[in-house]
Protein chains: 2
Amino acid sequence: MSNPPGRIRDVAKETGLSIATISRVMNGSKNVSPQTRQRVLEACERLDYLPNPAARALSTAKSRTVAAIIPTIEHSVFAKFISGIENTLSAQDYSLVMAISNGDPEEELAAARKLLGMGAEGFILSGAAHSPALLDLLERRRVPFALTSVWDAKSTHPTIGYDNSALAAEAVDYLSSLGHRRIVVIHGPLSNSDRTLARREGAQSRHSGGTKMTFIETDLSVTGGRKAISDVLAKDDRPTAVLCFSDVLALGVYFGLAEAGLRIPEDMSVMGFDNLDWAKETHPALTTINLPAAQIGRAVAAQFIDHLENGAPLRSTHLEAAIVQRASVKDIRGSDAG
Amino acid sequence: MSNPPGRIRDVAKETGLSIATISRVMNGSKNVSPQTRQRVLEACERLDYLPNPAARALSTAKSRTVAAIIPTIEHSVFAKFISGIENTLSAQDYSLVMAISNGDPEEELAAARKLLGMGAEGFILSGAAHSPALLDLLERRRVPFALTSVWDAKSTHPTIGYDNSALAAEAVDYLSSLGHRRIVVIHGPLSNSDRTLARREGAQSRHSGGTKMTFIETDLSVTGGRKAISDVLAKDDRPTAVLCFSDVLALGVYFGLAEAGLRIPEDMSVMGFDNLDWAKETHPALTTINLPAAQIGRAVAAQFIDHLENGAPLRSTHLEAAIVQRASVKDIRGSDAG
DNA sequence: ACCGCCCATGTAACCGGTTACATGGGCGGT
DNA sequence: ACCGCCCATGTAACCGGTTACATGGGCGGT
């Protein structure tokens with residue numbers, strides 16, 4: 001029957017009403033009599049009518065599309081983040097268009113142009129560092145954007161996330177409080193990851209007194225973590241604890257230590273960052289920092305909807321992240337006081 | 001200057017040309033003189049002009065939007081798959097809209113309606129089993145779709161992926177060939193996952209002769225794998241090999257065996273399915289089946305583009321998946337011939 | 001020198017919605 | 001009984017592109 005998808009004029013014809021009334025029903029306008037509404041709804045059902053989103057977007061000048069650019073989707077933290085965004089957006093009939101930047105500001109800029117060309121009317125960016133050309137582009141076009149997975153009260157742009165620097169400092173404090181004085185920090189590439197940089201700076205801020213801290217940069221992967229720990233083991237001065245700025249790296253450390261015949265936490269303590277699903281299942285269970293990735297996704301998406309529908313300003317929002325104490329860090333106070 | 005985003009009529013005014021010519025330049029039509037083209041391009045640059053995608057979609061009746069529905073994005077295999085789709089699509093200025101069904105056909109149907117309402121003109125579905133209402137909906141609206149991560153020559157719909165049943169059978173054959181006669185198969189929920197079901201049936205098809213096979217259904221997570229293996233260890237009749245229908249489950253088995261003080265593969269062999277990034281880094285390195293997730297994503301996206309642009313039919317495509325032999329499976333021929 | 005064709009460009013209709021404004025029927029208040 | 005207001009509904013312009021068809025200038029062939 002309706003070979004080309006039903007159009008609003010078909011529904012009007014079917015019901016004997018005008019297209020304006022059909023449109024009012026579809027948009028939940030109040031000035032429609034209940035009988036008419038009912039009649040229209042039935043006709044829509046019969047004709048399988050779905051309003052054409054392009055036509056709607058054109059006449060309302062609203063695309064109901066939000067863009068997100070993430071460095072990678074293969075890291076679970078970002079997958080959860082995207083999933084949180086997607087859920088919240090689609091519940092309000094918004095679409096998400098996303099792009100993957102591989103952490104490269106130039107790729108990010110190119111992706112943003114594409115997404116703009118797809119009608120995105122809001123941008124969810126990851127991290128605090130971006131090409132000035134990108135920020136300029138968005139500002140010139142008056143497209144709102146937010147920086148996520150970071151929280152920085154001093155930023156001139158809205159930031160929604162946690163305080164990477166403070167969390168890393170907290171992790172070091174935690175290890176110190178349990179008597180660890182020789183700590184190796186393993187982290188992913190600093191280039192193009194301001195979040196990693198912030199964590200490193202936070203850790204470094206605790207680099208005082210009797211604590212010796214060494215930083216190792218490696219690939220952000222299980223492989224990277226494993227490589228890093230084998231380098232550590234090759235040297236003489238072994239740390240008592242390894243702090244990884246991602247659970248993925250910690251998993252590599254687990255395998256590296258297992259291969260070397262070292263036990264966690266008896267021979268070496270290991271702490272992660274992320275609290276991925278499996279972190280509680282490792283052997284021993286991984287002590288880590290719980291990052292609320294899905295929650296950030298939901299929060300930022302909700303803010304965008306509120307902004308686009310009601311003009312509510314985007315607000316910087318600090319989400320809590322806390323240490324989850326499990327079994328991979330040992331209290332070595334007294335036993336090894338040096 | 002251009003507070004509202006530049007429109008095609010602004011560019012026309014700026015260059016003294018008509019909107020038709022501007023449109024021709026933007027679409028790469030051949031009948032435009034080089035000087036004019038140049039002049040238009042410069043004006044577009046100056047005015048920061050990007051064609052309004054809604055207007056374009058409305059007048060061409062093409063949204064350049066493809067939908068993908070996946071059961072979850074938190075499993076790396078799907079994250080890679082989506083990433084493959086997204087890359088290929090965006091290179092041709094198509095957008096991806098995606099939804100997560102949690103493996104529930106009703107949620108999938110609801111999501112599909114939303115995505116249709118967002119203008120999707122092609123659907124990438126996961127697995128072979130879907131609500132009849134969904135298939136009916138898509139067929140009635142003449143929206144093309146493909147079933148992915150499965151390959152079934154007998155399906156009436158295009159399937160793009162690997163043969164889950166054959167791969168599982170191959171895995172069992174491989175274990176048998178190394179002397180394993182008591183095999184436990186650990187898999188995720190059968191309900192709503194025809195892919196898991198196909199694998200189970202494939203394995204079962206080898207349930208002949210002297211091989212004893214036991215199937216355990218659990219959550220598709222590290223936790224699930226760990227729970228399953230601890231149930232196995234609690235019983236008397238221990239298997240010589242554990243085949244997991246996901247690397248994630250295998251990781252749980254690794255931790256469960258480590259906790260029980262059992263060594264892999266000396267005390268028990270473990271085999272996975274997926275070949276996730278970290279599989280080569282576990283200790284011992286995991287023998288598994290390499291599923292070409294990103295490749296499927298790229299292949300299906302490329303087919304959709306070709307279909308939507310040139311009318312090329314969607315073709316069922318069989319992608320190779322092969323066993324990756326690493327160190328987690330032991331050859332026990334001779335040592336334990338019973 | 002002139003005719004005709006081709007190519008670059010323009011005109012205007014159209015895609016399918018939304019919404020400001022117009023219209024008119026019915027009901028309440030006097 | 002009549003007036004006026006309100007509410008349900010309709011008319012038509014508009015959003016910003018694309019494209020079929022129209023137009024006219026210049027060049028090549030005779």
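Sequence lines set the chain letters: A, B, ... in the order given, protein chains first and strands last, and positions in each chain run from 1.
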For this session: Enter the distance from B:Phe81:CZ to B:Ile296:CD1 here, rounded to the nearest 0.5 Å.
Result: 6.5 Å

For this session: Answer yes if the side chains of B:Glu309 and B:Tyr94 hold a donor-acceptor pair under 3.5 Å, and no otherwise.
Result: yes

Nearest whole Å is fine: how far is [N] [atom2] from [X] [atom1]?
{"X": "A:Arg56", "N": "D:dG16", "atom1": "CZ", "atom2": "C1'", "answer": "18 Å"}
{"X": "A:Arg64", "N": "C:dT18", "atom1": "CZ", "atom2": "P", "answer": "11 Å"}
{"X": "B:Arg37", "N": "C:dT9", "atom1": "CZ", "atom2": "C1'", "answer": "13 Å"}
{"X": "B:Asn52", "N": "D:dT18", "atom1": "CG", "atom2": "P", "answer": "10 Å"}
{"X": "A:Asn27", "N": "C:dT19", "atom1": "CG", "atom2": "C1'", "answer": "10 Å"}
{"X": "A:Arg9", "N": "C:dT18", "atom1": "CZ", "atom2": "P", "answer": "11 Å"}
{"X": "A:Leu47", "N": "C:dG16", "atom1": "CG", "atom2": "P", "answer": "14 Å"}
{"X": "A:Leu58", "N": "D:dC15", "atom1": "CG", "atom2": "C1'", "answer": "4 Å"}

Problem set entry | Under the 3.5 Å Watson-Crick or G-U criterion, the dot-bracket string of DNA chain D, with | for inter-strand pairs | ||||||||||||||||||||||||||||||

Exercise. In a check of side-chain contact (heavy atoms from CB on, under 4.5 Å) between A:His130 and each of A:Leu109, A:Ile69, A:Leu125, which one passes?
Worked result: A:Leu125

Exercise. Got a sec: does the NZ of B:Lys62 have more than 12 other heavy atoms crowding it under 6.0 Å?
Worked result: no

For this session: Not counting sequence neighbours, which residues clear salt bridge (Lys or Arg N to Asp or Glu O under 4.0 Å) with B:Lys30? List them please.
Result: none

Exercise. Do the charged groups of A:Asp10 and A:Lys13 touch, with an N to O distance under 4.0 Å?
Worked result: no

For this session: Would you mind checking if A:Arg141 and B:Asp48 are paired as a salt bridge, meaning a charged N to carboxylate O distance below 4.0 Å?
Result: yes

Considering only nitrogen or oxygen atoms on both sides, find all protein atoms under 3.5 Å from nucleotides 5-8 of chain C and state each distance.
from, atom 1, to, atom 2, distance (Å)
C:dA8, OP2, B:Asn31, OD1, 3.4

Exercise. Which of parallel (below 30°), tilted (30 to 60°) and perpendicular (above 60°) describes B:His157 and B:Phe145?
Worked result: tilted

Seminar exercise, completed: Ordered by number, residues from residues 17-24 of chain A within less than 4.0 Å of DNA chain C (heavy atoms) are A:Ile19, A:Ala20, A:Ser23, A:Arg24

Problem set entry | Members of residues 112-122 of chain B that approach DNA chain D, where some heavy atom sits under 4.0 Å away | none

Problem set entry | Listed partners of B:Ala91 passing side chain to side chain contact (heavy atoms under 4.5 Å, CB included), at least two apart | none

